[in-house]
Amino acid sequence: MGVTRERSEKERELLASARQLIPALKARAAQADRDMKVPVETVADMREAGLFRAMQPKRFGGFEMDPRGFFEIQQALAEGCMSTAWIYGVMGVHPWQLARFDVQAQEDVWGDNPDTLVASTYMPVAKVTPVEGGYRISGRWGFSSGSEHCTWTLLGGIIPPDANGEGAEHGTFLVPISDYRIERNWDVLGLRGTGSHDIVVEDAFVPFHRVQRTNNTSMEATPGRLVNTNPLYAIPFAQIFTRAVSSSCLGALQGAINEFRENAAKHIGKHGAKTAEDPLAQEVVADATLTLDQLRLVLERNMAHLMELAERNEFPDVETRLLYRYQSAYVTNICADKADQLLRCMAASGLYNTNPVARVFRDLHQARGHISNNVAAFARTYGAVQLGLPNPDPYV
């Protein structure tokens, strides 16, 4: 898949482990939907295989893997269960972000257990009050994927202006489970297994070392990079996180194609028609496969470019950042459309909830609703800059 590049032995090992999990993930997918939670056995399997340590700093037992390898692992998992791949993308990207925090924050999380998992919800809803040594925060956040498997969480809020001249800015607040509770309210159409419940905090203290200005890549704002010097930690936050909530769509579409091909080869409708002999089915599966290959190549190229820039200590310009984020979100729309077409070619037999292609259909349409996959908004932002207007979006 993708552009030919040299992979490390560890990357090949982790990718093989992810692929070996696919049959088990397929077998557990229905349970994940029913429970609104990826099974604890699945998270244990991923932990044991070391998958969550892919982008974790080496000083805390991680592998500092090229992000392209991380996203390939996510896509492989999605062939079996998109909910599993979704929480892997979200929870697995947090070690990358935590590596940019003050080293003390990393010690707080991983000092006793390098397998500690972290959840998140970045919506900037925190009520933030500056106090001596840090901030007090309160609030209720939605959409915290995989939160029931985690003992820390990253929460969004607006850091108020300070006396040093720093203006108001989106911040990420790192909070232990003793300071928050999970409100179990995830009951949705797709990605049910992600268990993306609400997080509630009532007046918790967050010390300065557990707060980060989310989109600021300066050394002052990302002091962890002074000790975690791998260039991967210099890539802008939005470029990594948006991929974490879109790359599973690629693997899910591949899983749908796999299921469709297997079904079409043996399915004969009530009127005696064979799906494999249907010209529309032939065209649709070919188009989905072609489109998937193109999408993967573009995202592989983009991440390769971002890594090259990071290795040269260069920051991508605004047009590059906007284009790459737009292309990341575009993936979700296109994959959902191709799954629509596959499902349509399965006729009435495809409409049962037990049909794996129907599950992918639901999951992909749910993924389109994530704010980082709002392709129309990102198209407008990129288009505005292309037409000579200033960038209206500070998040990128």
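Every value quoted in this text rests on a predicted model; they were computed, and no experiment measured them.
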Participant: Checking side-chain contact (heavy atoms from CB on, under 4.5 Å) for the pair Val43/Phe52: CA distance, chi angles, key distance, verdict?
Facilitator: CA-CA 9 Å; Val43 174; Phe52 289 111; 4.2 Å; yes
Participant: Hey, are Thr214 and His170 close enough side-chain-wise for a donor-acceptor pair under 3.5 Å?
Facilitator: yes
Participant: Determine the minimum heavy-atom distance between Pro394 and Asn215, stating which atoms define it.
Facilitator: O-ND2, 4.0 Å
Participant: Using a strict threshold of under 4.0 Å (side-chain N to carboxylate O), is an ion pair present between Asp35 and Lys37?
Facilitator: no
Participant: Please confirm whether the backbone N or O of Thr172 pairs with a side-chain atom of Gln212, one donor and one acceptor, at under 3.5 Å?
Facilitator: no
Participant: At their closest point, which heavy atom of Pro67 faces which heavy atom of Met55, and how far apart are they?
Facilitator: CA-SD, 4.0 Å
Participant: Any side-chain donor-acceptor pair under 3.5 Å between Asp108 and Gln104?
Facilitator: yes
Participant: Under the 3.5 angstrom rule, does the side chain of Ser144 hit a backbone N or O of Ser196 as a donor-acceptor pair?
Facilitator: no
Participant: Do Leu77 and Leu51 come within less than 4.5 Å of each other through their side chains, counting heavy atoms only?
Facilitator: yes
Participant: If hydrophobic clusters are built by linking Ile, Leu, Val, Met, Phe, Trp and Tyr wherever their side-chain heavy atoms come under 4.5 Å apart, do Val93 and Leu155 end up in the same one?
Facilitator: no
Participant: Looking at CG of Leu323 and CG of Asn302, how far apart are the two atoms once the value is rounded to the nearest 0.5 Å?
Facilitator: 6.5 Å
Participant: Under a 4.5 Å cut-off applied to non-hydrogen side-chain atoms, are Met346 and Asn263 in contact?
Facilitator: yes
Participant: Mind listing the closest non-hydrogen atom pair of Arg100 and Asn216 along with its distance?
Facilitator: NH2-O, 4.2 Å
Participant: Between the side chains of Lys26 and Glu259, is the shortest nitrogen-to-carboxylate-oxygen separation below 4.0 Å, so that they form an ion pair?
Facilitator: yes
Participant: Looking only at atom types and distance, does a side-chain atom of Gln56 sit under 3.5 Å from a main-chain N or O of Gly62, one as donor and one as acceptor?
Facilitator: no
Participant: Around Glu314, counting heavy atoms of other residues, nucleotides and ligands shown, do more than 12 lie under 6.0 Å from its CD?
Facilitator: yes
Participant: Given the rule that I, L, V, M, F, W and Y join up when any side-chain heavy atoms are under 4.5 Å apart, are Ile199 and Val90 in one cluster?
Facilitator: no
Participant: Tell me the closest heavy-atom pair linking Asn373 and Ser246, and the distance in Å.
Facilitator: OD1-CB, 3.7 Å
Participant: Answer yes or no: is there a side-chain heavy-atom contact under 4.5 Å between Asp66 and Leu232?
Facilitator: no
Participant: Has the side chain of Trp141 got a donor or acceptor atom that lies under 3.5 Å from a matching backbone atom of Val201?
Facilitator: no
Participant: Mark yes when over 12 heavy atoms from residues, nucleotides or ligands other than Asn313 sit less than 6.0 Å from its CG; otherwise mark no.
Facilitator: no
Participant: Can you tell me how far CZ of Phe60 sits from CG of Asn113, rounded to the nearest 0.5 angstrom?
Facilitator: 12.0 Å
Participant: Name the one of Thr194, Asp45, Val38 that satisfies side chain to side chain contact (heavy atoms under 4.5 Å, CB included) with Thr84?
Facilitator: Val38
Participant: Indicate whether any N or O donor in one side chain lies under 3.5 Å from an N or O acceptor in the other, for Asp337 and Gln341.
Facilitator: no
Participant: Side chains of Val360 and Met82: closer than 4.5 Å at any heavy-atom pair?
Facilitator: no
Participant: Hey, are Glu202 and Arg181 close enough for a salt bridge, meaning a charged N less than 4.0 Å from a carboxylate O?
Facilitator: yes
Participant: Using modelled atom types and a 3.5 Å cut-off, is there a donor and acceptor pairing between side-chain atoms of Trp86 and backbone atoms of Gly193?
Facilitator: no
Participant: State plainly whether one hydrophobic cluster holds both Leu250 and Val357, where clusters connect Ile, Leu, Val, Met, Phe, Trp and Tyr through side-chain heavy atoms under 4.5 angstrom apart.
Facilitator: yes
Participant: Report yes or no: is the cationic atom of Arg225 (NZ for Lys, CZ for Arg) under 6.0 Å from the centre of the six-membered ring of Tyr233, at an angle within 45° of the ring normal?
Facilitator: no
Participant: Less than 4.5 Å apart, any side-chain heavy atom of Arg325 and any of Asp393?
Facilitator: yes
Participant: Please list, chain by chain and in numerical order, all residues satisfying ring pair (Phe, Tyr, Trp, His ring centres under 6.0 Å) with Phe208, sequence neighbours excluded.
Facilitator: Tyr135
Participant: Tell me if the CG atom of Asp317 is crowded by more than 12 foreign heavy atoms within 6.0 Å.
Facilitator: yes
Participant: Between Ala105 and Arg210, which heavy-atom pair has the shortest distance, and what is it?
Facilitator: CB-CG, 4.2 Å
Participant: Determine whether a donor-acceptor pair (N or O, by modelled atom type, separation under 3.5 Å) exists between the side chain of Arg7 and the backbone of Arg12.
Facilitator: no
Participant: Looking at side-chain heavy atoms only, is the closest gap between Phe63 and Phe70 below 4.5 Å?
Facilitator: no
Participant: Taking the side chain from Thr121 and the backbone from Gly142, do they hold a donor-acceptor pair closer than 3.5 Å?
Facilitator: yes
Participant: Does Arg68 come within less than 4.0 Å of Glu11, counting only side-chain N to carboxylate O?
Facilitator: no
Participant: Checking side chain to side chain contact (heavy atoms under 4.5 Å, CB included) against Phe101, which of Leu154, Asn228, Thr222 comes through?
Facilitator: Leu154
Participant: Is Arg192 salt-bridged to Asp363, cutoff N-O under 4.0 Å?
Facilitator: no
Participant: Between Phe237 and Tyr122, is the ring centroid distance below 6.0 Å?
Facilitator: yes
Participant: Between Arg243 and Phe71 (side chain of the first, backbone of the second, donor and acceptor by atom type, cut-off under 3.5 Å), is there such a pair?
Facilitator: no
Participant: Measure the shortest side-chain to side-chain distance between Pro392 and Thr381 over non-hydrogen atoms and say whether it is less than 4.5 angstrom.
Facilitator: yes
Participant: Do Met46 and Met91 have side chains that get closer than 4.5 Å, going by heavy atoms?
Facilitator: no
Participant: Can you tell me if Arg344 has over 12 outside heavy atoms packed within less than 6.0 Å of its CZ?
Facilitator: no
Participant: Between Ile159 and Phe173, is the side-chain contact (heavy atoms from CB on, under 4.5 Å) condition met? List the steps.
Facilitator: CA-CA 10 Å; Ile159 301 174; Phe173 298 79; 4.0 Å; yes
Participant: Taking all heavy atoms of Trp152 and all of Pro176, pick out the closest pair and write down the distance.
Facilitator: CE3-N, 3.4 Å
Participant: Take Gln254 and Asn258 through the side-chain contact (heavy atoms from CB on, under 4.5 Å) test and state the conclusion after the steps.
Facilitator: CA-CA 6 Å; Gln254 182 64 68; Asn258 297 344; 2.9 Å; yes
Participant: Among Val206, Val211, Asp102, Val109, exactly one meets side chain to side chain contact (heavy atoms under 4.5 Å, CB included) together with Leu174. Which residue is that?
Facilitator: Val109
Participant: For Arg140, is there any backbone N or O sitting under 3.5 Å from a side-chain donor or acceptor partner on Asp198?
Facilitator: no
Participant: Tell me, yes or no, whether the heavy-atom count around Arg136 atom CZ, taken from other residues, nucleotides or ligands under 6.0 Å, exceeds 12.
Facilitator: yes
Participant: Is Glu79 reaching over with its side chain to a backbone N or O of Ala252, donor-acceptor style, under 3.5 angstrom?
Facilitator: no
Participant: Is Leu280 linked to Val285 within one hydrophobic cluster, defined over Ile, Leu, Val, Met, Phe, Trp and Tyr using a side-chain heavy-atom separation of less than 4.5 Å?
Facilitator: yes
Participant: More than 12 heavy atoms of other residues, nucleotides or ligands under 6.0 Å from CG of Leu290: is that the case?
Facilitator: yes
Participant: Just wondering, are more than 12 heavy atoms of other shown residues or ligands nearer than 6.0 Å to OH in Tyr330?
Facilitator: no
Participant: Quick one, Leu297 with Gln294, criterion side-chain contact (heavy atoms from CB on, under 4.5 Å). Give me CA distance, side-chain angles, the key distance, then yes/no.
Facilitator: CA-CA 5 Å; Leu297 284 168; Gln294 293 170 334; 5.8 Å; no
Participant: Regarding Arg296 and Gln75, do their side chains bring together a donor and an acceptor under 3.5 Å, going by distance alone?
Facilitator: yes
Participant: Please check if Phe241 and Leu309 belong to a single hydrophobic cluster, counting links between Ile, Leu, Val, Met, Phe, Trp and Tyr side chain heavy atoms closer than 4.5 Å.
Facilitator: no
Participant: Please report the interatomic distance CZ(Arg362) to CG(Leu343), rounded to the nearest 0.5 Å.
Facilitator: 9.5 Å
